[in-house]
**Q** 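Below are the structure tokens for one structure; questions will follow.
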Amino acid sequence: MPKGKPEGRETKKMPKMTIDGVDVDVEPGLTVLQACESIGVEIPRFCYHERLSIAGNCRMCLVAMKGSPKPVASCAMPAAEGMVIDTNSPEVHKMRKGVMEFLLINHPLDCPICDQGGECDLQDQAMAYGFDRGRFLENKRAVKDKDLGPLVDTIMTRCIHCTRCIRFATEVAGVPELGATGRGENMEVGTYIEKALSSELSGNIIDLCPVGALTSKPYAFVARPWELRKTETVDVMDAIGSSIRVDARGNEVMRVLPRLNEEVNEEWISDKTRFACDGLRHQRLDRPYVRDGGKLRPASWNEAFAAIAERIKGVDGNRIAAVAGDLADCESMIALKTLMTSLGSPNMDCRQDGAKLEAAPRASYLFNTGLLGVEEAGACLVIGANPRTEAPVLNARIRKCWLHGDLKVGLVGPATDLTYDYDHLGNDPAVLEQIASGEHPFAKVLKDADHPMLILGMGALTRDDGGVILGLAHRIAESCGLINGKTGWNGFNVLHTAAARVGAMDLGFLPGEKGRDVAGILDAAERGDIDVVYLLGADEIDTGRLGKAFVIYQGHHGDAGAHRADVILPGAAYTEKNATYVNTEGRVQWAAKASDPPGDAREDWTILRALSEVLGHTLPMDSLEQVRARLVEANSVFGTPYSVEPGEWGTFGQQGDVSNKPFEPAIDNFYLTNAICRTSPTMAKCVETFVNEQARKTGTHG
């Protein structure tokens with residue numbers, strides 16, 4: 001290496017080439033197809049995809065290259081100095097028409113009944129390069145459909161062997177269960193043995209398929225794309241806050257699709273995000289209810305509010321409590337907090353699972369690296385978390401970094417298949433003490449790595465000694481070089497599982513002075529020291545411990561909280577309101593209303609505003625703009641949506657001894673984590689296919 005030139009930093013000359021008569025300088029390492037796209041020249045393709053390896057097998061991207069006797073596949077040809085490329089000549093069009101004719105030789109003419117119709121790449125390209133009649137007179141082949149499980153429907157006679165689904169399953173999802181068998185006309189894509197795809201990201205192959213070979217099984221023959229009203233919003237099925245598009249017809253959500261967002265979810269979403277939306281149609285709360293004589297009966301809003309006012313009248317604020325659920329939006333939480341404060345109650349909490357998180361500093365409960373920042377990491381210590389089930393999209397990003405960037409991963413927790421290699425450091429929390437003191441070999445791995453990071457999961461923080469483990473993670477961050485003030489790198493990350501958690505922490509929806517947390521509220525309710533409990537979509541607590549307390553449940557599904565309630569106030573689900581959510585990295589995002597709530601259900605903050613007036617403590621907010629202004633007053637981060645404000649670093653966590661009790665998973669069942677999932681028929685089929693069936697095979701069922 002020449003003196004003065006840093007290793008690995010050798011600059012490469014930008015190749016100069018000619019595309020359609022225009023001289024262009026292109027970035028080194030690009031293919032001819034990418035070079036053409038960089039100057040706005042569109043090249044048709046089926047097998048090429050920006051996030052997958054190059055296959056070069058559909059030949060639709062053929063271009064003419066000066067000096068080459070044959071056309072070249074532009075997706076697989078590296079751009080080089082002096083190339084002269086022609087993409088738009090009659091010869092190139094003739095080549096592509098020939099390829100298209102070959103592709104359509106065996107393709108069935110079933111566009112009228114194909115679910116891909118209207119958004120099919122093959123349809124679009126056939127408009128430009130198709131022939132108006134077929135010359136193939138021999139018998140067409142037919143391929144048996146494969147059973148890939150309850151989510152992905154297959155019509156394999158339509159398959160054009162682009163292999164996008166195979167490459168996605170192997171490279172991105174890390175579950176190499178798809179492949180091709182046979183050769184030539186006998187080639188078939190499928191699982192090697194008949195089985196369901198076991199990836200939490202399997203639905204993404206529906207978007208990747210350029211024809212109608214892979215379509216959504218729950219959405220089959222339900223609607224056409226031009227019938228749907230499309231709304232860009234954010235997901236709440238986990239704490240990642242994936243960018244999604246909700247497609248609705250009338251007042252019914254028909255499907256959920258991913259939106260491109262490089263900083264959050266790239267262009268992938270989890271199967272739960274994509275398919276649990278049918279739970280929005282079932283077991284909905286569409287009118288207020290009041291318990292009379294031990295039974296819930298339908299009531300008017302005035303009756304419900306009057307019942308609450310009568311019960312709260314004269315009750316001391318210390319005997320009133322509120323719990324915010326995992327899907328609550330920030331507008332409703334600031335409204336409920338303001339109401340509780342005006343009633344004199346310090347008893348409020350958002351940590352249904354009992355996570356030992358602290359209110360400050362902000363960095364103590366954020367994914368500080370940022371989701372995009374994961375790709376810079378050189379080493380990662382995972383503590384009590386399973387990113388594959390808790391945040392599948394994040395897990396895919398970690399896998400990408402492991403696959404292409406030599407990321408070293410260490411896991412303290414239950415051994416499981418994370419889709420990438422890792423060093424299992426055991427399931428004993430005592431290992432953390434050794435890493436923090438530098439005695440464990442993985443401490444050196446962290447210290448020697450560029451941009452080391454740790455991921456602290458809810459499986460660690462919800463334990464009785466979660467505060468001590470939080471303190472140990474803080475020590476590891478400081479002793480192993482995870483915090484670098486000069487570069488601004490902060491490798492301390494908390495992976496949340498609840499979409500509402502970070503927003504609630506930012507708003508301080510936590511016990512006030514001498515206030516009770518969730519465990520304290522439940523204990524006090526059992527003893528009779530709490531008279532009124534307000535559940536804002538809180539279904540993950542043990543409602544059997546609420547004793548004789550008067551329970552008000554505000555939510556959108558008839559789940560655990562509604563069954564215990566004395567008064568039910570029907571709210572709106574995440575697709576039915578304009579709302580604010582904050583994801584695990586602290587990114588404030590606005591969800592948009594895609595449909596109206598059913599029946600008499602209303603947006604959550606408006607319910608609290610109306611109730612406050614009946615209680616004689618009218619909230620000072622009459623519009624969404626005023627509520628959001630109140631959010632900014634409570635915390636300035638709400639004034640900068642779609643950006644991540646870095647959290648300040650400081651001291652947090654507790655000192656003490658950790659229990660030798662092994663870590664347990666934070667999520668027992670990926671498909672049933674909230675009220676919407678639990679009412680989804682599709683998620684129920686997934687549980688039967690992937691959970692119960694697997695349990696029966698391993699002999700652990702029931």
Side-chain angles (χ1 to χ4, degrees), residues 27 30-31 33-34 36-54 75 116 118-121 124 162 164-165 167-169 171-173 199-210 214-216 219 225 228-248 253-275 277 367 370-376 391-401 404 499 574-575 581 583-585 587-592 594 641-644:
E27 293 289 330
L30 294 187
T31 63
L33 185 149
Q34 291 169 322
C36 293
E37 298 265 320
S38 70
I39 63 166
V41 176
E42 188 175 345
I43 305 290
R45 84 291 295 270
F46 292 117
C47 69
Y48 173 79
H49 191 275
E50 296 83 356
R51 300 185 195 280
L52 304 175
S53 61
I54 292 169
C75 71
Q116 200 85 334
E119 45 192 14
C120 171
D121 291 352
D124 295 342
C162 71
R164 279 186 182 183
C165 56
R167 285 175 284 149
F168 174 84
E171 298 162 15
V172 179
S199 169
E200 296 78 13
L201 296 165
S202 65
N204 291 290
I205 63 176
I206 296 167
D207 299 330
L208 287 173
C209 184
L214 304 174
T215 55
S216 170
Y219 178 71
L228 304 175
R229 185 177 63 256
K230 301 164 180 65
T231 306
E232 296 187 349
T233 182
V234 294
D235 173 52
V236 299
M237 292 295 144
D238 56 32
I240 298 300
S242 299
S243 294
I244 58 173
R245 192 186 87 196
V246 174
D247 288 0
V253 172
M254 308 306 291
R255 64 177 180 176
V256 172
L257 298 175
R259 281 191 295 128
L260 179 65
N261 188 336
E262 294 290 357
E263 295 182 333
V264 180
N265 59 305
E266 299 179 278
E267 58 187 87
W268 318 125
I269 53 173
S270 75
D271 288 346
K272 188 163 52 178
T273 298
R274 185 186 297 268
F275 295 108
C277 62
F367 199 95
L371 300 173
L372 184 61
V374 168
E375 298 186 16
E376 298 178 39
V393 172
L394 169 65
N395 197 63
R397 206 184 277 271
I398 296 173
R399 173 177 165 78
K400 179 167 73 168
C401 192
H404 303 296
Y574 73 106
T575 58
Y581 294 94
N583 75 351
T584 192
E585 61 181 341
R587 184 186 301 272
V588 176
Q589 300 188 107
W590 287 343
Y642 303 107
S643 63
V644 179

**Q** Testing the basics here: between Ala499 and Asp238, what is the closest heavy-atom pair and its distance to 0.1 Å?
**A**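 Of all heavy-atom pairs spanning Ala499 and Asp238, the closest is CB-O, 3.7 Å.
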**Q** Checking side chain to side chain contact (heavy atoms under 4.5 Å, CB included) between Phe367 and each of Val374, Val644, Asn583, which is the one that passes?
**A**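 By the side chain to side chain contact (heavy atoms under 4.5 Å, CB included) criterion, Phe367 pairs with just one of Val374, Val644, Asn583: Val374.
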**Q** Any heavy-atom pair between the side chains of Val246 and Ile244 that's under 4.5 Å?
**A**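 In short, these two side chains touch, coming nearer than 4.5 Å.
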**Q** If you measure from CG on Leu30 to CD on Glu37, what distance do you get to the nearest 0.5 Å?
**A**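 So the gap between those two atoms works out to 11.0 Å.
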**Q** As an exercise, state the distance from OG of Ser242 to CE of Met237, rounded to the nearest 0.5 Å.
**A**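 So the gap between those two atoms works out to 11.0 Å.
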**Q** Do Asp207 and Arg274 pass the side-chain contact (heavy atoms from CB on, under 4.5 Å) test, and can you show the C-alpha distance, the side-chain angles, and the key distance before you say yes or no?
**A** CA-CA 11 Å; Asp207 299 330; Arg274 185 186 297 268; 2.7 Å; yes
**Q** Are the side chain of Arg587 and the backbone N or O of Tyr642 linked by a donor-acceptor pair below 3.5 Å?
**A**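 Yes: the side chain of Arg587 pairs with the backbone of Tyr642.
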**Q** Where do Glu266 and Val393 land on the side-chain contact (heavy atoms from CB on, under 4.5 Å) test, with the steps shown first?
**A** CA-CA 8 Å; Glu266 299 179 278; Val393 172; 5.8 Å; no
**Q** Please say which of Val234, Thr584, Asp235 ends up in a side chain to side chain contact (heavy atoms under 4.5 Å, CB included) with Ile240.
**A**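 The residue from Val234, Thr584, Asp235 that satisfies side chain to side chain contact (heavy atoms under 4.5 Å, CB included) with Ile240 turns out to be Thr584.
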**Q** Would you name the heavy atoms of Ser216 and Phe275 that are closest together and state the gap between them?
**A**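 Closest pair (atom of Ser216, atom of Phe275, distance): OG-CE2, 3.4 Å.
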**Q** Taking the side chain as everything from C-beta on, heavy atoms only, tell me whether Leu208 gets closer than 4.5 Å to His49.
**A**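 Of all side-chain heavy-atom pairs linking His49 with Leu208, at least one is under 4.5 Å.
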**Q** Counting distance only, does the side-chain N/O of Arg45 pair as donor-acceptor with the main-chain N or O of Ile43 below 3.5 Å?
**A**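 Side chain of Arg45 to backbone of Ile43: a pair is present.
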**Q** Which value, rounded to the nearest 0.5 Å, describes the distance between Thr231 atom OG1 and Arg245 atom CZ?
**A**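 Reported value, rounded in 0.5 Å steps: 9.5 Å.
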**Q** Charged N to carboxylate O below 4.0 Å: is that the case for Glu171 and Lys400?
**A**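 Here Glu171 does not pair with Lys400 in a salt bridge, since their nearest N and O are not under 4.0 Å apart.
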**Q** Minimum heavy-atom separation for Pro210 and Cys120, please, with both atom names.
**A**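 Pro210 and Cys120 have their closest heavy atoms at O-SG, 3.6 Å.
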**Q** When rounded to the nearest 0.5 angstrom, what is the spacing between NZ in Lys272 and SG in Cys277?
**A**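 Between Lys272 NZ and Cys277 SG, I get 14.0 Å after rounding to 0.5 Å.
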**Q** Charged N to carboxylate O below 4.0 Å: is that the case for Arg51 and Glu262?
**A**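 Yes, this pair counts.
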**Q** Determine the minimum heavy-atom distance between Tyr48 and Gln34, stating which atoms define it.
**A**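 For Tyr48 and Gln34, the tightest heavy-atom pair comes out as OH-NE2, 3.1 Å.
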**Q** Using side-chain contact (heavy atoms from CB on, under 4.5 Å), reason through Tyr574 and Tyr581 one step at a time and then give a plain yes or no.
**A** CA-CA 10 Å; Tyr574 73 106; Tyr581 294 94; 3.7 Å; yes
**Q** Of all the heavy-atom pairs spanning Asn261 and Ser243, show the shortest one and how long it is.
**A**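 Minimum heavy-atom contact is ND2-OG, 2.8 Å.
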**Q** Looking at CD of Glu375 and SG of Cys401, how far apart are the two atoms once the value is rounded to the nearest 0.5 Å?
**A**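 Glu375 CD to Cys401 SG: 6.5 Å, rounded to 0.5 Å.
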**Q** State, with a plain yes or no, whether a side-chain heavy atom of Thr233 is found less than 4.5 Å away from one of Gln589.
**A**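 When only atoms from C-beta onward are counted, Gln589 and Thr233 do not touch, as no gap falls below 4.5 Å.
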**Q** Can we say Arg255 and Asp247 salt-bridge, meaning some charged N sits less than 4.0 Å from an Asp/Glu carboxylate O?
**A**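 Result for this pair is yes, salt bridge flagged.
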**Q** For the OG atom of Ser202 and the CG atom of Leu214, what is their distance to the nearest 0.5 Å?
**A**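 The distance works out to 10.5 Å.
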**Q** Is it true that, when you exclude Glu42 itself, more than 12 heavy atoms of the residues, nucleotides or ligands shown sit nearer than 6.0 Å to its CD?
**A**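 Not more than 12 within 6.0 Å, no.
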**Q** Before accepting this row, confirm whether a basic side-chain N of the pair Glu50/Arg164 lies closer than 4.0 Å to the acidic partner's carboxylate O.
**A**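 Between Arg164 and Glu50 there is no salt bridge, as every charged N stays at least 4.0 Å from the carboxylate O atoms.
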**Q** Where is the tightest heavy-atom contact between Val264 and Glu585, given as atom of each residue plus distance?
**A**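 For Val264 and Glu585, the tightest heavy-atom pair comes out as CG2-OE2, 4.0 Å.
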**Q** Here's a test for you: under side chain to side chain contact (heavy atoms under 4.5 Å, CB included), which of Leu201, Asn204, Leu257 qualifies with Ile269?
**A**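 One option only clears the test, and that one is Asn204.
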**Q** Any chance the side chains of Asn265 and Arg259 put a donor and an acceptor closer than 3.5 Å?
**A**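 Side chains of Asn265 and Arg259: no pair found under 3.5 Å.
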**Q** Using the rule given for side-chain contact (heavy atoms from CB on, under 4.5 Å), can you reason through Arg399 versus Val172, listing the C-alpha separation, both sets of side-chain angles and the distance that settles it, and then say yes or no?
**A** CA-CA 7 Å; Arg399 173 177 165 78; Val172 179; over 6 Å; no
**Q** Counting N and O atoms only, with roles assigned by atom type, does the side chain of Gln116 sit under 3.5 Å from a partner on the main chain of Cys209, one being a donor and the other an acceptor?
**A**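 Yes; at least one donor-acceptor contact below 3.5 Å.
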